Amino acid sequence: MKYEGSIYRPPSEARSLIVQVAVGCAHNKCTFCSMYKDKSFRIKSWEEIKEDLDEARENYRYIKRIFLADGDALVLPAKKLIQILDYIKEIFPECERVGIYAAPKDILLKSEEDLKALKESGLGIVYIGIESGDDQILKDIEKGVSSSEIISSGQKLKAAQIPISITLISGIGGKEKTKEHAIESARVVNRINPEYVSFLTLMLEEGTPLYEDWQNDKFSLLSPKEVLEEIRLFIENTDLKGSIFRANHASNYISLGGILNEEKDELLKNIDEALSEDFFKPEHLRGL
Ligand code: SF4
């Protein structure tokens, strides 16, 4: 496999074969993100992608899941993605799921027919890092998308019956916008009702604009207790049917998981217990 630069994938794709169909992120402007700053965006040629898939077939007997990287690989034209998915189906008949990262605008630019065709060709899950549902925060972090566009994109995927995993970042609005972040994020997620919703916790990385803002006292980081209170407020405001909720990433101060709404009371109870014990993962054990 020929990978260019560092490769990122969602935690649930840890055991998947990663196939890099594009290099970097077409947007590459979010103020907290350093993942693809060293890469110029480009879509790989069919020949490069096919060579990687053929090589993986020669080397691995059984591939259960495949993840198409990099940052927002759904930006590829639908025709090319279908070509890739159909070839995966042909040479990895045992593969149960193909996943991909997407920006909401990539989804909005695809037609309903495109999305249905992608689903038929085997697209099994789309990961969307929305970070927040609050419009001011989305503007501040230069996400390049509004909450109504996020909702429309999620609903479009639902209509095509493609499972969705949404990621939010606790602390992304700082102390000033923690309430808005929690409440507005719940509002957006409620309108989509994704199969999965998860929280990472903000970790600032040197060299990013948000890190500079923090250094210059223009942005405030939440304490572990405030992070948990923010997640609590989010959960309180959710109204979901069977969404799997997770906050068990290495960056989180405590691990949480459950099904919303079914286990909402239990989740809130777990948070209240953690808040009363005031015991959180030490900073040196956190990671991205
Ligand atoms: S869209 Fe995702 S990968 Fe691209 S800059 Fe923003 S956070 Fe980073």
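Positions are given from 1 along the sequence. Ligands are counted one by one from 1 in listed order, and the atoms in each one are counted from 1 as well. Please read all numbers here as calculations on a predicted model, not as lab measurements.
No more than 12 heavy atoms of other residues, nucleotides or ligands lie within 6.0 Å of NZ in Lys139, so this atom counts as exposed by the packing criterion.
For atom 8 (Fe) of ligand 1, the nearest protein heavy atom (residue, atom name, distance) is Cys33 SG, 2.4 Å. Remark: minimum distance from atom 5 (S) of ligand 1 to any protein heavy atom is reached at Asn28 CA, 3.5 Å. Looking at atom 4 (Fe) of ligand 1, its nearest protein heavy atom turns out to be Cys25 SG, 2.3 Å.
Using a 4.0 Å cut-off between charged side-chain N and carboxylate O, Lys39 and Glu4 make no salt bridge. Between Glu236 and Arg232 there is a salt bridge, since at least one side-chain N of the basic residue sits less than 4.0 Å from a carboxylate O of the acidic one. By the 4.0 Å N-to-carboxylate-O rule, Glu184 lies close enough to Arg187 to be salt-bridged with it. With salt bridges taken as basic N to acidic carboxylate O contacts below 4.0 Å, none links Glu205 and Lys37.
Atoms of ligand 1 found under 4.0 Å from any heavy atom of Met35, numbered from 1 in the order shown, are 3 (S). Every atom of ligand 1 is numbered from 1 in the order shown, and the set under 4.0 Å from a heavy atom of Lys29 is 5 (S).
Looking only at atom types and distance, the side chain of Thr178 has a donor-acceptor partner in the side chain of Glu230 under 3.5 Å away.
Screening Val75, Leu123, Ile100 for a side chain to side chain contact (heavy atoms under 4.5 Å, CB included) involving Leu81 leaves a single residue, Ile100.
Using a cut-off of 2.8 Å, one finds that Cys30 contributes no N/O/S atom close to atom 8 (Fe) of ligand 1. Because the distance cut-off is set at 2.8 Å, His27 fails to qualify as a neighbour of atom 4 (Fe) of ligand 1, as none of its N, O or S atoms comes that close.
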### Task
Applying salt bridge (charged side-chain N to carboxylate O under 4.0 Å, His left out), run through Arg57 and Glu94 and close with a yes or a no.
CA-CA 11 Å; Arg57 181 68 294 174; Glu94 76 280 19; 3.1 Å; yes
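Contacts of Lys143 with ligand 1, taken as heavy-atom pairs under 4.0 Å, involve the side chain alone. At a 4.0 Å heavy-atom cut-off, ligand 1 touches Tyr36 through the side chain alone.
Ligand 1 lies nowhere less than 4.0 angstrom from a heavy atom belonging to Asp72. Distances from ligand 1 to the non-hydrogen atoms of Phe32 include at least one value under 4.0 Å.
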